Amino acid sequence: MAPQTRRTSFPKVIIEKDTDSEQSSSEEEEEEEGEVSEGENGKEVEETLDAKRKGKSPICISLKKVCKVCKKAGHEAGFKGATYIDCPMKPCFLCKMPGHTTMTCPHRVSTEYGVIPTSLRNSRNPFAYVFERQLGPTNSRIKPAYVIPDQVSCAVIRYHSRRVTSLEFHPTNNNILLSGDKKGQVGVWDFGKVYEKIVYGNIHSCIVNNMRFSPINDGTVYAASSDGTISCTDLETGISLSLMNLNPDGWQGPGSWRMLYGMDLNKEKGVVLVADNFGYLYSVDIRANNKTGEAILIHKRGSKVVGLHCNPVQPDLLLSCGNDHYARIWDMRRIEACSSLYELAHKRVVNSAYFSPLSGSKIVTTSQDNRLRVWDSIFGNLDSPSREIVHSHDFNRHLTPFRAEWDPKDPSESLVVVGRYISENYNGAALHPIDFIDISTGQLVAEIMDPNITTISPVNKLHPCDDVLASGSSRSLFIWRPKEKCEPVEQKDEGKIIVCSGAGKKRGGKFGDDSDASDGDLFSSKGKNLKSKKSSLKSYKSQKVKR
DNA sequence: AGCCTATGCAGCC
DNA sequence: TGGCTGCCCTAGGC
């Protein structure tokens with residue numbers, strides 16, 4: 001092309017100023033239109049129009065304050081102090097419904113932050129719904145009070161070089177926590193002797209998605225990774241063998257690289273079950289260390305299967321979930337493509353689906369539409385969930401997907417732990433708590449946070465027998481425990497308990513008062529100045545604060 | 001303090 | 001269906 005053609009087709013530059021009134025900005029537009037139409041050379045006009053058609057609209061350098069979300073003037077989304085103000089032009093960031101923002105979301109009220117049961121059973125008449133609520137199975141009893149302490153102590157350790165992606169407690173050694181990260185490292189942490197840890201860096205080469213201890217020998221652990229292998233590792237020696245490798249020929253491009261996500265062990269059948277990012281399920285015999293049978297398509301072809309869970313009571317039942325927006329229940333005795341017993345539909349990707357840990361009769365799923373879904377009985381009607389609980393656990397490409405995890409100790413099978421995405425203003429600090437939710441009611445039972453932890457905690461696991469919560473937040477691991485000598489707290493009022501550390505000095509009893517968004521003088525925005533120094537390990541004492 | 005970026009999904013054509 | 005683009009509360013490093 002000739003240089004002059006290039007010159008003439010260069011888009012017009014408009015500068016908008018913040019001080020301009022609406023009037024003057026429209027004048028500018030008119031002026032611009034006028035210039036285009038005034039073009040004496042017909043060719044120039046033609047080219048300008050052509051440029052417009054090609055998407056070369058005038059370059060607009062705007063000095064106006066503009067919303068970073070919708071690019072419109074008049075409002076701004078973002079943090080005001082420690083409170084995030086949504087863009088009003090977009091659907092609510094919490095419940096995803098239009099017409100309001102997170103601040104005014106009906107699912108976010110001061111006493112039950114963001115978490116209430118929703119029926120979403122609009123197709124039924126209200127009487128049927130009430131009838132069902134009244135005559136249906138009564139709500140399970142509330143957790144024993146001592147299990148959710150109002151005071152915790154927190155141990156922190158950071159040895160992963162990338163974000164934590166999976167956690168697993170040792171089944172018999174009560175102080176051992178296993179952690180996997182995005183880089184493929186597997187950490188073994190004795191949080192009883194806080195400084196004792198081992199990090200294995202040679203087991204996997206990328207994301208450790210799921211880990212399970214061997215039911216036969218609890219000194220060995222299986223892990224499924226996005227490198228396409230299942231590892232079987234002796235935790236004492238660190239010696240690891242690969243049970244399966246889906247990429248024997250190495251990297252042949254992104255279209256063919258197979259990654260393993262969902263994994264579970266079936267003790268009765270003696271197999272490791274894994275699923276890949278193409279929708280296939282694989283079964284590996286634990287004793288023979290080899291693949292049994294062919295891969296079975298259990299989710300939409302080409303879509304990622306992110307979770308597998310064997311029913312704890314009925315070993316023939318398998319639960320899977322994936323990026324095709326479904327969770328599916330399978331009968332392992334006759335499993336083949338399209339043979340699922342039930343399909344549990346979701347509106348978005350299903351991050352996790354778990355049977356309840358004791359009876360195996362309930363299911364809780366975490367979906368990227370910001371809803372936890374609960375099925376009260378797998379023997380009942382599975383056409384629609386018993387409850388949907390709006391909860392902020394959005395997808396973010398830089399975060400490990402959130403997964404609501406059962407409390408394995410809860411006899412009522414109603415307590416679930418899940419990290420929260422959106423922050424709340426806790427006396428000037430924007431913190432992302434870890435939520436305990438009673439899935440029988442949708443109630444937020446407790447929220448755990450610490451002013452020193454400003455990062456989001458998407459990975460959480462409750463201890464199989466002790467009152468211990470493990471969390472993975474970015475590259476750090478946290479162990480939350482009831483503080484010694486902590487008196488059990490009655491929960492007669494069913495009130496929410498806020499758990500936090502007492503690291504801040506000036507706060508005193510004011511800490512729980514988060515009603516004022518502008519009280520940012522104690523802490524800077526987002527509470528970043530509270531962040532602990534680069535100590536690799538630090539433990540915090542805690543104090544009780546109620547609101 | 002502010003810029004940069006790794007990277008998964010969804011929506012668009 | 002496939003390839004491309006864009007993204008609302010990230011986190012850490014330079």
Side-chain angles (χ1 to χ4, degrees), chain A residues 54-55 66-72 75-98 100-103 105 108 113-114 158-165 181-184 206-207 209 226 253-257 259 261 277 299-306 322-325 346-351 367-370 391-402 419-426 429-433 449 452-459 472-476 514 517 520 524-529 531-534 536:
Chain A
K54 285 177 184 168
V66 125
C67 173
K68 65 177 179 184
V69 177
C70 69
K71 319 287 184 227
K72 291 198 176 84
H75 64 275
E76 275 183 278
F79 275 102
K80 274 261 186 305
T83 305
Y84 193 93
I85 308 298
D86 274 353
C87 170
M89 311 304 281
K90 292 275 184 170
C92 171
F93 194 63
L94 175 58
C95 74
K96 308 304 175 195
M97 305 298 276
H100 63 272
T101 66
T102 307
M103 295 297 282
C105 178
R108 173 183 178 143
Y113 173 84
R158 180 144 111 165
Y159 49 74
H160 284 285
S161 55
R162 292 287 185 273
R163 67 171 200 247
V164 174
T165 53
D181 74 14
K182 192 171 159 292
K183 200 184 176 188
C206 59
I207 315 177
N209 289 305
S226 291
S256 61
W257 184 258
M259 305 186 252
Y261 282 83
N277 57 327
H299 280 263
K300 184 181 170 186
R301 189 184 305 276
S303 76
K304 191 194 289 181
V305 184
V306 289
N323 279 25
D324 63 354
H325 302 190
H346 293 68
K347 293 210 170 61
R348 286 294 174 94
V349 170
V350 190
N351 289 345
S367 173
Q368 288 181 9
D369 65 354
N370 262 2
H391 178 263
S392 173
H393 48 253
D394 281 87
F395 169 79
N396 180 310
R397 67 191 137 160
H398 309 298
L399 297 175
T400 304
F402 291 83
R420 192 194 301 170
Y421 189 92
I422 50 174
S423 62
E424 183 89 344
N425 181 354
Y426 293 98
L431 303 176
H432 310 266
M449 84 291 287
N452 293 284
I453 304 170
T454 56
T455 49
I456 295 172
S457 307
V459 191
S473 189
S474 185
R475 291 162 50 186
S476 301
D514 61 355
S524 70
S525 170
K526 292 182 150 192
K528 291 243 176 189
N529 61 338
K531 193 146 189 161
S532 58
K533 299 286 185 294
K534 286 185 178 170
S536 60

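Remember, predicted model here, so these are calculated numbers, not experimental data. Here is the naming used below: chain letters follow the sequence lines, and residue numbers restart at 1 for every chain. These numbers come from the heavy atoms of this one structure, side chains and all, not from hydrogens, waters or symmetry mates.
Between A:Asp181 atom CG and B:dA6 atom P the separation is 18 Å, expressed in whole Å. The distance between atom CZ of A:Phe402 and atom P of B:dG8, rounded to the nearest whole Å, is 16 Å. Residue A:Arg301 contributes atom CZ, which lies 14 Å from atom C1' of C:dT1 at whole-angstrom precision. Taking atom CZ of residue A:Arg162 and atom P of nucleotide B:dT7, one finds them 8 Å apart after rounding to whole Å. The nearest whole Å value for the distance from the CZ atom in A:Phe395 to the P atom in C:dC7 is 15 Å. Rounded to an integer number of Å, the gap from A:Arg397 CZ to C:dT5 C1' is 11 Å. Regarding A:Asn370, its CG atom lies at a distance of 16 Å from the P atom of B:dC9, rounded to whole Å. In this structure, the CG atom of A:Asp324 is 14 Å from the P atom of C:dT1, given to the nearest Å.
Phosphate contact (OP1/OP2 of C:dC9, side-chain N/O of A:Lys68, threshold under 4.0 Å): absent. A close approach under 4.0 Å does not occur between any side-chain nitrogen or oxygen of A:Asn396 and OP1 or OP2 of C:dC8. Residue A:Ser474 has a polar side-chain atom (N or O) positioned under 4.0 Å from OP1 or OP2 of C:dG12.
On a pure distance criterion of 3.5 Å, a polar donor-acceptor pair joins the side chain of A:His398 and the base of B:dA6.
A distance of about 16 Å separates the P atoms of B:dT7 and C:dG13, rounded to the whole Å.
Counting any heavy atom pair closer than 4.0 Å across all strands shown, A:Asp394 reaches no nucleic acid atom. Residue-level contact check: A:Pro254 touches neither bases nor backbone, having no heavy atom under 4.0 Å from any strand.
Shown here are the salt bridge (charged side-chain N to carboxylate O under 4.0 Å, His left out) partners of A:Lys96, two or more places apart in sequence or in another chain: A:Asp394.
Smallest separation of non-hydrogen atoms from A:His432 and A:Thr454: CD2-O, 3.4 Å. Between A:Cys95 and A:His100, the shortest heavy-atom contact is SG-NE2, 3.4 Å. In this structure, A:Lys183 and A:Ser161 approach most closely via the heavy-atom pair CD-OG, 3.2 Å.
Minimum atom distance to the side chain of A:Lys304 is reached by B:dG8, of the listed B:dG8, B:dG11, C:dC8. Here the side chain of A:Leu399 is nearest to one of C:dT10, C:dC9, B:dG11, namely C:dT10. Comparing atom distances between the A:Phe93 side chain and each of C:dC9, B:dC9, C:dG13 picks out C:dC9 as nearest. Listed nucleotides: B:dC9, B:dA10, C:dC7. Nearest to the side chain of A:His325: B:dA10. Of the candidate nucleotides B:dA10, C:dC9, C:dC7, B:dA10 has the atom lying nearest to any side-chain atom of A:Val349. The side chain of A:Val69 lies closest to C:dC8, out of C:dC8, C:dC9, B:dA10.
Between the side chain of A:Asp181 and the backbone N or O of A:Arg163, no donor-acceptor pair lies under 3.5 Å. For A:Asn370 (side chain) and A:Phe93 (main-chain N/O), a donor-acceptor pair under 3.5 Å exists by modelled atom type.
Sequence order on DNA chain B of the closest nucleotides to A:Met259 and A:Arg348 puts A:Met259 first from the 5' end.
Pair assignment for C:dC14: B:dG2, on the basis of Watson-Crick or G-U wobble contacts that are both within less than 3.5 Å.
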